Amino acid sequence: MNALLEIREVRIVLNAFWPMLKQGLIYSIPLTLVSFAIGMVIAILSALLIINRVPLLSQLMRFYVWIFRGTPLLVQLFIVYWGICNPMKISNLIACVIALSLNVGAYASETIRAAILSIDKGQWEAGYSIGMTYQQTFWRIIVPQAAKTSVPPLFNTFISLVKDTSLASNIMIAEMFRKAQEFAASSLKYLLIYSEAALIYLLFCTLLTGLQKLCEKRLRVGK
């Protein structure tokens, strides 16, 4: 009897692996990439507006960062979906992208802002001394140095976003964790299936961590 149960569990694990991995590749990873790309655009604009103290807009960006850093992502996801997208008949996938992008933008903007402000004022003076304008100094001298500083924390944000996509299951998006829930409900092997899903997330994040180390090495971060 025990042998039969073990064989059944092995079959459940094997049958669930590819469908979960497939949903991760089809939904979770693309959702991460799109949300992170949009979030980075928001983050850069937000950081620049705050640093340059643009009237009204800088205060608006500070308020945005305060709201999204101070509330849970799951709550943000529900508010965006049920409060905005669902009444307007916008798909749940777009709602998820909006919520994730805004959340990433808030956290990444602080990372980018801190990286830019960490550059010594002497670098600005060096640019001005050779006849560069503010824009030239910023893009040619400050941004390359700030990019090296911000790579590790931004990569951490990206890796965290991969795991955060699991929250999309709460608004019925068929990503990897949603598929895990379906297998767990049909087999009643909740711990087994959720552990398998955790291992797949761990695989994705391990690969991304390796990519992070490669990028840091190429940029000579920390040397």
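All values below were derived from every heavy atom in this structure, side-chain atoms included, with hydrogens, water molecules and symmetry-related copies excluded. In this text, all values refer to a predicted model and were calculated from it rather than measured experimentally.
- Criterion: ILVMFWY side-chain heavy atoms under 4.5 Å apart, direct or through other members. Under it, Y107 and F63 are not part of a common hydrophobic cluster.
- The minimum heavy-atom distance linking S187 with I12 is given by the pair CB-CD1, 3.9 Å.
- Here side-chain hydrogen bond (donor to acceptor under 3.5 Å, both in side chains) pairs that include residues 79-95, with residues two or more places apart or in two chains, are Y81-N86.
- Residues satisfying the side-chain contact (heavy atoms from CB on, under 4.5 Å) criterion with L45, sequence neighbours excluded, are V41.
- With rounding to the nearest 0.5 Å, the separation of CD1 in I159 from CG in L154 is 11.5 Å.
- M40 CE to T157 OG1: the interatomic distance, rounded to the nearest 0.5 Å, is 8.5 Å.
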Next on the checklist: side-chain contact (heavy atoms from CB on, under 4.5 Å) for V104 and S35? Distances and angles first, verdict last.
Outcome noted: CA-CA 8 Å; V104 168; S35 300; 5.5 Å; no
What pairs of donor and acceptor atoms, side-chain ones from residues 69-78 against any protein atom, are under 3.5 angstrom apart with sequence neighbours left out?
unit_1 : atom_1 : unit_2 : atom_2 : d
T71    : OG1    : I67    : O      : 2.8
T71    : OG1    : Q76    : NE2    : 2.8
Q76    : OE1    : N103   : ND2    : 3.0
Q76    : NE2    : F68    : O      : 2.9
Q76    : NE2    : T71    : O      : 2.8

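- A continuous path of hydrophobic side-chain contacts links I90 to L93 [ILVMFWY only; heavy atoms under 4.5 Å].
- One hydrophobic cluster, built from ILVMFWY side chains closer than 4.5 Å, cannot hold both L202 and L207; they sit in different ones.
- Residues M132 and I141 share a closest heavy-atom pair of SD-CD1, 3.8 Å.
- Listed by first then second residue, pairs satisfying side-chain hydrogen bond (donor to acceptor under 3.5 Å, both in side chains) with a partner in residues 51-61 read N52-Y134, not counting sequence neighbours.
- Shown here are the side-chain contact (heavy atoms from CB on, under 4.5 Å) partners of K213, two or more places apart in sequence or in another chain: T209.
- Atom CD1 of I79 is separated from atom CG of L102 by 11.5 Å, given to the nearest 0.5 angstrom.
- One finds the CG atom of L211 at 12.5 Å from the SG atom of C205 (value rounded to the nearest 0.5 Å).
- The stretch residues 138-166 participates, sequence neighbours left out, in these ring-ring contact (aromatic ring centres under 6.0 Å, His included) pairs: F36-F158.
- For S195, the side-chain contact (heavy atoms from CB on, under 4.5 Å) partners are L191, not counting sequence neighbours.
- I130 and V143 fall within the same hydrophobic cluster, where Ile, Leu, Val, Met, Phe, Trp and Tyr residues are linked whenever their side-chain heavy atoms come under 4.5 Å apart, directly or through other members.
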Can you give each donor-acceptor pair under 3.5 Å made by side-chain atoms of residues 24-33, sequence neighbours left out, with the distance rounded to 0.1 Å?
unit_1 : atom_1 : unit_2 : atom_2 : d
S28    : OG     : M176   : N      : 3.4
T32    : OG1    : S28    : O      : 2.7

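- Screening residues 180-214 for ring-ring contact (aromatic ring centres under 6.0 Å, His included), with sequence neighbours left out, gives F177-Y194.
- When all heavy atoms of P153 and T111 are compared, the pair lying nearest together is CG-CG2, 3.5 Å.
- The pair R178-E175 fails the salt-bridge criterion, with no side-chain N (NZ, NE, NH1 or NH2) lying under 4.0 Å from an Asp/Glu carboxylate O.
- The two residues C96 and I171 make their nearest non-hydrogen contact at CB-CD1, 4.1 Å.
- Here I173 contributes atom CD1 and K179 contributes atom NZ; the two are 14.0 Å apart, rounded to the nearest 0.5 Å.
- Follow the hydrophobic side-chain contacts under 4.5 Å out from V80 and you reach M88 in the same cluster.
- The salt bridge (Lys or Arg N to Asp or Glu O under 4.0 Å) search around E196 returns none, not counting sequence neighbours.
- Interatomic distance, CD1 of I112 versus CG of L48, reported as 8.0 Å (0.5 Å rounding).
- In this structure, Q181 and S169 approach most closely via the heavy-atom pair OE1-CB, 3.6 Å.
- Among residues two or more places apart in sequence or in another chain, the side-chain contact (heavy atoms from CB on, under 4.5 Å) test is passed with S109 by A43, S46, V65.
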Report, one line per pair, each donor and acceptor closer than 3.5 Å where one atom sits in a side chain of residues 114-128; sequence neighbours left out.
unit_1 : atom_1 : unit_2 : atom_2 : d
S118   : OG     : A115   : O      : 2.6
D120   : OD2    : G122   : N      : 2.7
Q123   : OE1    : Q145   : NE2    : 3.0

